[in-house]
2 protein chains.
Amino acid sequence: MSTAAHGAGEPCGDGLRERETVRTGGRHGGESAASRATSASTKDEDAVEAPRNGSDFAHLFVFANEKAGMKKVDKEHVNQIVFEMSKGSEHFKEAQRRDERTQAEVRKLRAKLATTLESDLAPVRHRVDAKVTKLLRERDLSRIYCVVDMDCFFAAVEMRDDPSLAGKPMAVGGLSMISTTNYLAREYGVRSAMPGFIARKLCPELVFVKSNFDKYRQASQEVRDILKKYDPKLHAGSLDEAYMDITDFVDVKIATEQAGANLDADAQTARRFHVAERVVQAMRDEVSAHTRLTCSAGIARTRMLAKIASDRNKPNGQCVVPWQPEKMLRFTRELAIRKVPGIGKVAEKKLKDALGVATVRDLWDKRYLCAHLLSAVQADYLLRVTLCCTNPSVSSSQASSSSAASSSAAAVSALPSAFGQGEDNQRGRKSIGMERTFSQGASSVQELFDTCLDICARLSRRCVEKQLIGHCVTLKIKKSSFEVFTRQTIVTNAVPRCADGTDLFEHARELLAREMPCRLRLMGIKVSKLIDPSHAPVKIVSSGVLHAVKPWMMRRTLK
Amino acid sequence: MSTAAHGAGEPCGDGLRERETVRTGGRHGGESAASRATSASTKDEDAVEAPRNGSDFAHLFVFANEKAGMKKVDKEHVNQIVFEMSKGSEHFKEAQRRDERTQAEVRKLRAKLATTLESDLAPVRHRVDAKVTKLLRERDLSRIYCVVDMDCFFAAVEMRDDPSLAGKPMAVGGLSMISTTNYLAREYGVRSAMPGFIARKLCPELVFVKSNFDKYRQASQEVRDILKKYDPKLHAGSLDEAYMDITDFVDVKIATEQAGANLDADAQTARRFHVAERVVQAMRDEVSAHTRLTCSAGIARTRMLAKIASDRNKPNGQCVVPWQPEKMLRFTRELAIRKVPGIGKVAEKKLKDALGVATVRDLWDKRYLCAHLLSAVQADYLLRVTLCCTNPSVSSSQASSSSAASSSAAAVSALPSAFGQGEDNQRGRKSIGMERTFSQGASSVQELFDTCLDICARLSRRCVEKQLIGHCVTLKIKKSSFEVFTRQTIVTNAVPRCADGTDLFEHARELLAREMPCRLRLMGIKVSKLIDPSHAPVKIVSSGVLHAVKPWMMRRTLK
DNA sequence: CTACATAGG
DNA sequence: TACTCCTATGTAG
DNA sequence: ACCCATAGC
DNA sequence: TACTGCTATGGGT
Ligand SMILES: Nc1ncnc2c1ncn2[C@H]1C[C@H](O)[C@@H](COP(=O)(O)OP(=O)(O)OP(=O)(O)O)O1
Ligand SMILES: Nc1ncnc2c1ncn2[C@H]1C[C@H](O)[C@@H](COP(=O)(O)OP(=O)(O)OP(=O)(O)O)O1
Ligand SMILES: [Mg+2]
Ligand SMILES: [Mg+2]
Ligand SMILES: [Mg+2]
Ligand SMILES: [Mg+2]
């Protein structure tokens with residue numbers, strides 16, 4: 001299991017089955033695996049309410065999930081502290097409201113499951129089986145990927161630059177929120193996304209360091225410069241991680257070092273992996289030598305598996321996912337679904353409670369039900385995961401994105417962009433925004449508008465620096481209750497056009513005014529539908545085909 | 001051909017081909033059928049502009065299309081008159097603007113065609129072929145359908161009630177618009193949806209009679225009462241047409257009249273059809289005897305074909321689509337696509353200009369291209385048409401409607417509801433509205449609001465009578481330029497709640513105010529998202545599943 | 001398009 | 001003393 | 001959700 | 001004298 005979040009309802013670990021338990025011509029539900037799996041955690045129907053401990057609520061918090069370096073943590077204890085520090089707060093209440101919505105979703109899924117006939121599943125089976133064949137046929141395992149992820153990045157930079165921190169548990173952030181912690185702190189269960197005041201409760205001697213983003217950006221650049229020698233086209237997933245294709249580097253190394261004996265395909269792959277392991281070790285050594293920062297790495301035949309592997313031997317370690325297809329598959333199937341990028345705390349709970357799915361193997365066993373219950377996009381991604389078919393395919397043209405509507409909220413997020421397209425996934429950013437929390441303070445209308453203008457001004461400055469303008473302005477508001485709202489509008493002339501943010505504020509003010517008065521804890525502004533700034537405001541070609549003109553400029557105006 | 005609308009670009013009638021002309025690995029376009037078919041009507045590139053006659057514009061008007069009883073009309077002459085009476089008018093200009101948008105769509109389709117590779121089509125072929133197999137396998141031809149459609153219904157009622165009209169060409173409607181005409185008038189090309197003043201030009205002796213809707217409704221009821229004896233569950237497609245399943249009636253008749261010799265399936269079907277013909281003749285005789293109104297009928301193994309057949313021998317005739325699958329298919333394939341319900345003047349032109357498709361046979365020949373170019377829903381419907389698979393399938397549960405986005409506007413409308421579901425397609429109306437044209441008149445702001453209130457009041461009255469309330473209010477506006485706009489809003493409390501329309505007006509006023517001032521020729525109000533009026537405003541079940549609560553009541557409100 | 005929810009660093 | 005800030009994506013209405 | 005376009009009687 | 005009124009559906013944004 002990937003997390004201690006689920007104290008009660010354990011899954012039905014009945015291993016590999018090629019068919020879900022469906023009574024022919026009958027209905028799902030009743031004694032089915034899914035039902036059993038959920039009846040414990042969804043206590044609605046229980047006559048006796050067992051007294052709850054903190055672990056019953058762990059699924060409400062991202063930071064209750066285990067991160068690298070937290071293996072030996074006493075989860076029960078941590079969950080208890082977290083619960084006690086949280087319960088009754090507005091934040092906790094909001095978390096509970098969200099959870100209730102998730103439970104409703106689960107009930108809906110189970111209801112659909114209960115009324116699913118064998119005859120409904122038949123065509124699904126056909127489609128899924130065909131897709132499996134197709135995916136396996138098109139699966140591309142020709143490359144070797146490496147994902148490098150820095151160890152407790154922000155914290156590592158701070159510790160490098162301040163030797164007095166050595167040997168102490170420390171966190172980057174403040175009493176409100178922690179960005180990351182060093183591995184000493186993690187032994188206390190203290191990690192990213194955890195509020196500092198809870199962390200301090202768990203570890204009173206925890207040292208807090210304020211974040212210095214510019215330093216991290218610079219360190220990141222230094223690391224990347226080294227990595228680029230191994231793959232000039234690497235894709236930076238974030239400041240602290242890089243997706244690399246090291247095939248070429250490895251092959252060159254082999255070509256220059258070893259005799260070109262005629263090996264069969266498997267032997268060649270084995271040799272490549274062997275070399276890859278040494279290459280990556282050397283690369284990591286080079287990084288730590290030059291930056292005094294350690295990193296970890298994963299090596300595999302798909303980006304996704306490399307990403308997962310990079311977390312396995314943290315800190316300062318690396319992990320190879322076996323290259324043999326069967327072994328690779330075994331590695332994959334044994335993963336808890338929570339390890340799969342895109343499956344977060346909510347999707348994990350939904351899949352477990354509605355379908356009894358805890359591992360990728362379960363996902364494979366229940367692939368037909370997934371295809372039936374989830375949206376096409378979601379089911380497609382999950383199926384690819386079970387088959388290690390997450391590498392970009394080289395199909396000729398664009399697949400028309402058939403979006404099939406099914407349940408009310410996304411169970412699984414997008415196929416993470418890092419896996420989606422090839423190396424040239426760089427089509428620039430899609431939005432830029434700025435938001436600010438002011439906890440209890442500002443609530444007079446005047447203050448709120450002042451805040452809004454301030455955010456607009458600062459954001460505009462950043463936009464101007466980066467040469468970004470866009471046609472969509474979004475106002476984000478978080479109430480004191482932690483409920484989040486957004487209000488957006490399409491603007492005919494892209495903003496911001498001036499660095500003081502007055503034009504941006506014009507629109508933001510409008511959006512804000514409609515909702516006033518109101519008690520807020522956060523306000524944010526975002527600009528999206530970005531366009532190339534070298535853009536002539538109106539350039540309509542009569543055919544209407546050459547789209548220098550975006551649709552939202554075409555808005556018909558009565559009058 | 002179904003219409004004289006297309007003077008120039010005739011289709012490439014090269015008969016049955018199992019594969020479209022696609023150069024392997026190459027591109028479409030160039031000398032392809034589609035290109036040739038369009039180059040004449042899309043004159044953009046022509047150096048020499050041929051002088052245009054009325055028929056070049058016939059495709060702009062619904063009423064230029066041939067209706068029953070117009071076989072011998074001199075289309076050239078009619079089109080010329082229509083053109084001369086229309087050209088330069090605001091209405092004509094708007095028609096031209098719409099046509100231009102359609103042409104743009106066509107260009108887009110042809111562009112996509114031109115960049116379509118053989119490799120793009122391969123998977124499409126696979127999918128389509130699989131679907132064909134499936135559709136044919138599931139095709140249900142077990143029933144005999146009959147569609148009854150009254151002959152020039154409104155006109156027939158008026159002529160029955162006013163003997164002085166006998167022998168004269170007449171129209172129901174006025175100089176602005178004609179609802180329908182008798183068959184004498186049709187000889188002049190005068191028909192439904194034609195403006196009266198044009199009709200009078202075509203036929204100066206034309207007699208105009210104002211419409212009396214109540215009379216038609218009553219006559220309709222009388223007819224239906226008779227028809228119900230032959231199928232108690234008939235589906236009324238409109239005041240003047242009924243979709244019937246006469247299988248049971250026919251079988252009973254056979255059982256009581258004839259010896260139950262053991263016939264093979266074909267012989268039994270043949271006998272059923274024979275009996276059906278007599279039954280329908282008797283039914284029609286009964287209708288005319290009791291109502292002094294004649295009707296026509298179509299008999300076939302699918303509702304769609306019965307509907308098409310009902311128009312074949314008008315007036316006062318009937319037509320049987322051969323029951324033999326091959327003959328039925330031949331009948332179908334020879335149809336001009338314009339005869340297919342759902343394919344109107346625009347879809348006809350698009351399919352012809354972009355793909356060279358004029359008949360259902362062409363549709364079959366180009367089925368792969370259709371699947372590639374059109375949306376899934378559209379391609380699916382068209383494919384069903386070519387295979388006579390338009391009857392409701394008996395699959396157990398709902399197919400998740402996968403909406404694939406492709407081109408910007410709908411090429412083919414919905415699968416007409418009459419064919420979609422079985423007999424119990426009666427789930428009540430979805431909307432109710434009222435609109436009014438006031439040509440040049442009212443334009444002062446005051447007048448417009450008065451008009452709005454008046455419409456709201458009258459509409460509310462009708463709603464109260466019918467016990468209808470809804471959560472969506474739509475304002476419709478037609479400018480003097482004939483451009484149409486709609487503005488709608490979701491209202492938290494369903495309207496109207498009072499018969500004087502004040503609450504409805506409250507919302508309509510709001511919508512109208514936003515667009516004022518403005519020169520209009522029409523204003524309309526519609527209420528939709530109807531709910532059961534026996535509805536307690538708030539009735540939330542904690543599970544959230546039992547949906548007495550519609551989503552738009554859940555709208556979160558900041559503040 | 002607009003609003004919301006999920007996800008990950 | 002009291003639950004971040006940033007970007008991207010899927011889904012429903 | 002909102003708005004536009006098509007379709008048929 | 002001068003291009004309807006009504007309902008439904010698909011699809012883009
Ligand atoms: N929830 C968060 N909020 C703000 N910043 C974050 C958050 N999570 C991570 N970061 C920042 C700080 C991290 O050092 C940096 C890289 O994240 P990540 O790689 O996930 O963890 P990490 O590098 O701190 O530890 P690890 O050794 O597990 O990789 O991104
Ligand atoms: N465009 C229209 N506008 C208003 N009313 C119409 C329109 N078209 C038809 N109607 C009304 C009047 C018709 O008598 C009635 C039935 O239509 P329909 O069956 O298509 O034609 P019809 O019954 O007048 O002649 P036919 O003999 O061809 O069936 O509906
Ligand atoms: Mg890291
Ligand atoms: Mg990282
Ligand atoms: Mg009729
Ligand atoms: Mg009719």
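Residue numbering restarts at 1 for every chain, and letters A, B, ... go by the order of the sequence lines.
As judged by a 4.0 angstrom heavy-atom cut-off over every strand, A:V82 is placed among residues making no nucleic acid contact. Within the nucleic acid shown, B:R97 has no heavy atom closer than 4.0 Å to any nucleic acid atom. Nucleic acid contact for A:M194: none, since no nucleic acid atom lies under 4.0 Å from a heavy atom of the residue. Using a 4.0 Å heavy-atom criterion, one finds that B:I432 contacts the sugar-phosphate atoms exclusively. The residue B:R521 sits close only to the backbone: its heavy atoms come under 4.0 Å of sugar-phosphate atoms, none of a base. As judged by a 4.0 angstrom heavy-atom cut-off over every strand, A:R200 is placed among residues making no nucleic acid contact. Counting non-hydrogen atoms under 4.0 angstrom, A:S220 reaches nothing in the nucleic acid. Here A:A95 lies out of heavy-atom contact (under 4.0 Å) with every strand. When heavy atoms are screened at a 4.0 angstrom cut-off, A:S480 is found touching no nucleic acid atom at all. If you check every strand for non-hydrogen atoms under 4.0 Å, A:L522 touches sugar and phosphate atoms only. Across all strands shown, A:K93 has no heavy atoms under 4.0 Å from either base or sugar-phosphate atoms. Within 4.0 Å (heavy atoms only), B:F61 reaches no atom of the nucleic acid at all.
Checked against C:dG8, E:dC4, F:dC6, the side chain of B:T486 finds its nearest nucleotide in E:dC4. Among E:dC9, F:dG10, E:dT6, the nucleotide with an atom closest to any side-chain atom of B:E241 is E:dC9.
The salt bridge (Lys or Arg N to Asp or Glu O under 4.0 Å) test applied to A:E90 returns A:K93, not counting sequence neighbours. Remark: B:D151 pairs with B:K314 by the salt bridge (Lys or Arg N to Asp or Glu O under 4.0 Å) rule, at least two apart or across chains.
In this structure, B:E348 atom CD and E:dG8 atom C1' are separated by 15 Å, rounded to whole Å. With rounding to whole Å, A:L468 atom CG is found 14 Å from D:dC6 atom C1'. Remark: P of E:dG8 and OH of B:Y243 are 10 Å apart, rounded to the nearest angstrom.
Taking atom P in both F:dC3 and E:dG8, one finds a spacing of 24 Å when rounded to whole Å.
For A:T437 and D:dC5, a side-chain-to-base donor-acceptor distance below 3.5 Å is absent, hydrogens and geometry of angles not being considered. In the interface, the side chain of A:S86 is paired with the base of D:dC3 through a donor and an acceptor atom under 3.5 Å apart.
Between B:F154 and B:F213, the ring planes lie perpendicular to each other; the angle is over 60°, past the 30° to 60° tilted range.
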